[in-house]
Amino acid sequence: MAELTDLSLLEAAGALRAGAISSTELTRACLDRIEAIDGDVSAFLTVTEDLAMAQAEAADQQLRTRSDTPRPFVLGIPIAIKDVLCVEGVPTTCGSKILEGFRPPYTATSVTRLVEAGAVILGMANTDEFAMGSSTENSGYGVSHNPWNLARVPGGSSGGSAAAVAARMCFAALGTDTGGSVRQPAAFCGVSGLKTSYGRVSRYGLIAYGSSLDTVGGMARNVADLAPIFSLMAGHDPLDSTSVADAVPEIHLNGADLSKLRIGVPKEYFIEGLQPEVETAVRAAIEAFREMGAAVREISLPHTDLALPVYYIIAPAEASANLARYDGVRYGPRLGPGLYPEDYFVTRGELFGAEVKRRIMLGTYALSAGYYDAYYGQAQKVRTLIKGDFEAAFQEVDLIACPVTPTTAFGIGAHGDDPLSMYLEDVFTLPANLAGIPGLSFPVGFDSEGLPIGMQFMAPHLGEAQLFSAAHAYQAATSWHTGWPEL
Ligand code: GLN
């Protein structure tokens, strides 16, 4: 029999339901794999072995008792959690030294819903500090490595989650996407990643970065495995006033009628600097949809080039407000001589990393009196134009198809001390966050060095069901998502 960790989530769920394997065995197999390879990959910041084994035993108990209602697919399935989602009693650090030792007194709603359905938590996955970055190089606890090539980054900020899924240390992982942090690492690591619509999944217990942009999403080895994760997490939560009340649609993976599907290909996403192999693979995938019956046409999203400057005003502005609460008094360690306000300055000065400090300064500047209208106010107006681009496009097409990233996974250290060149990694992912719409990243090829290439579909707000059925139809017809790296 193949290794248990080689199974997909749905295969493992099937084996659990049939009684062919137990959650304890499955969880042990994941923990053993983490033990064997995570020294090289560094996907996890914390491995919650005791919690995982206890949850696995509880899941086995449930699996043994007769039930007349269908069991959730995640019952007994080991998953990883990005280290920005609070898990009660488990160190939750946001990849920051300023939260070292912090154990939240409550659990994020997205995590609670999975745990209540029987999911097993293996541990907390590495992230850029406070989810600011595109490579995990900004983590205060070291960089994660891309399982396809350990000298490359896994992407970020949910790089630990993507690496853990790609290296088959878990069956799915939660991530968060404020400007691309689920889709970009999913593309770099050759897994499927969903950015949900703003408001679709509760942000309660997600440690805030940019509150008007933050979304909780997931990654798995294929789109079908992602569906039960989405269905469980989504839906209104009274604890998050921005979570939407709309009913969560049923995800129908099979039987999509692609002849009714209209796909738009935005010309602004095929720009200079796009790695030719990425363009070739994405265009080939779009062609495959045409062959499967979809109508494909070029569209225009004219304000696309403004998304990056707008995002890098709005996200740091919101971050500067959200991160004011880390003062060495309420959470984490306190440094300094024991005096106010010296301790505040010393704690923040020593324990925040360089990128976080840069964003706090940028954001504070953009919000300050005299500059607010010129920067933040202006950015909000342009954000409305970007949203308008999508609304106009979705009058004519159902889905928008484009690359996720300009290049495949870059080398660790490639962006050196040049934050701007790192920001440019996000050009294709930021617009969806500004517009609040969902996006799904899935593998469509490899470059000449064997690194995965991703394509993204975007849909109208709350249009996740359409993303799933289209991407699943592609995965049913292709095999880019079935390979995995040797480790
Ligand atoms: N890379 C982007 C940033 O640094 C997006 C991060 C994210 O989605 N959390 O802000």
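Here, residue 1 is the first one in the sequence, and each next residue gets the next number. Every heavy atom of this structure was used, including side-chain atoms; hydrogens, water molecules and symmetry mates were not.
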Below 4.5 Å, heavy atoms only, C-beta onward: do [X] and [Y] meet side chain to side chain?
| X | Y | result |
| --- | --- | --- |
| R221 | V165 | yes |
| L232 | E116 | no |
| S469 | H252 | no |
| T65 | Q61 | no |
| L75 | Q62 | yes |
| S231 | I251 | yes |
| L226 | L440 | yes |
| V153 | T136 | no |

### Task
Given side chain to side chain contact (heavy atoms under 4.5 Å, CB included), test I207 with C86 step by step and report yes or no.
CA-CA 7 Å; I207 299 177; C86 290; 3.9 Å; yes
### Query
For D50, does the CG atom sit with more than 12 other heavy atoms under 6.0 Å from it, leaving out its own atoms?
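No, CG of D50 has 12 or fewer neighbouring heavy atoms, counting only those of other groups under 6.0 Å.
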#### Entry: Neighbour count above 12 (heavy atom, 6.0 Å) for E342 CD
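Counting neighbours around CD of E342, more than 12 heavy atoms of other residues, nucleotides or ligands fall under 6.0 Å, so yes.
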Please tell me whether [X] and [Y] have a donor and an acceptor in their side chains that are separated by less than 3.5 angstrom.
| X | Y | result |
| --- | --- | --- |
| T408 | D447 | yes |
| E464 | S197 | yes |
| Y209 | R359 | yes |
| N433 | T215 | no |
| E137 | H415 | no |
| D237 | T109 | yes |
| S139 | D128 | no |
| T429 | K195 | no |
| E57 | T24 | no |
| R203 | T242 | yes |

Kindly compute the distance separating [atom1] ([X]) from [atom2] ([Y]), expressed to the nearest 0.5 Å.
| X | Y | atom1 | atom2 | value |
| --- | --- | --- | --- | --- |
| R183 | M455 | CZ | CE | 13.5 Å |
| Y340 | D327 | OH | CG | 9.0 Å |
| S96 | Y326 | OG | OH | 8.5 Å |
| I121 | L114 | CD1 | CG | 8.0 Å |

Within the distance-only criterion (no hydrogens, no angle test), does the side chain of [X] pair as donor or acceptor with the backbone N or O of [Y] below 3.5 angstrom?
| X | Y | answer |
| --- | --- | --- |
| D83 | L45 | no |
| S421 | D418 | yes |
| R71 | L16 | no |
| W148 | G450 | no |
| E25 | S22 | yes |
| D38 | A43 | yes |
| E129 | G353 | yes |
| E355 | G133 | no |
| S479 | T482 | no |
| T107 | T112 | no |

### Message
L122 and side chain to side chain contact (heavy atoms under 4.5 Å, CB included): which single residue from V47, T27, T46, I79 fits?
### Response
T27
### Task
Go through E49 and R28 one step at a time and tell me if the side chain to side chain contact (heavy atoms under 4.5 Å, CB included) criterion holds.
CA-CA 9 Å; E49 176 164 353; R28 180 46 57 201; 2.9 Å; yes
### Query
Does the distance from a Lys or Arg side-chain N to an Asp or Glu carboxylate O, for D6 and R168, drop under 4.0 Å?
yes
### Query
Would you call E449 and R152 a salt bridge, taking side-chain N to carboxylate O under 4.0 Å as the test?
yes
Quick check: closest heavy atoms across [X] and [Y], and the distance to 0.1 Å?
| X | Y | answer |
| --- | --- | --- |
| N126 | S144 | ND2-OG, 3.0 Å |
| R33 | L487 | NH2-CD1, 4.1 Å |
| L10 | P228 | CD2-CG, 4.3 Å |
| A13 | I77 | N-CD1, 3.8 Å |
| A224 | N222 | N-OD1, 3.1 Å |
| A166 | P147 | CB-CG, 3.9 Å |

### Derivation of the side chain to side chain contact (heavy atoms under 4.5 Å, CB included) call for S158 and D177
CA-CA 8 Å; S158 316; D177 195 312; over 6 Å; no
### Query
Are the ring centres of W480 and F442 closer than 6.0 Å?
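Ring centres of F442 and W480 not closer than 6.0 Å.
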### Query
Between F130 and F352, what is the ring plane arrangement, given parallel below 30°, perpendicular above 60°, and tilted in between?
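Perpendicular: the ring planes of F130 and F352 meet at over 60°.
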### Message
Show, in sequence, the C-alpha distance, side-chain angles and deciding distance for Y311 and T178, and conclude whether the side chain to side chain contact (heavy atoms under 4.5 Å, CB included) test is met.
### Response
CA-CA 10 Å; Y311 174 87; T178 302; 3.7 Å; yes
#### Entry: side-chain hydrogen bond (donor to acceptor under 3.5 Å, both in side chains) between S134 and D426, intermediate numbers included
CA-CA 8 Å; S134 311; D426 304 328; 3.0 Å; yes
### Query
With a distance cut-off below 6.0 Å to the six-membered ring centre and an angular limit of 45° from the axis, does R17 pair with F73 as a cation-pi contact?
yes
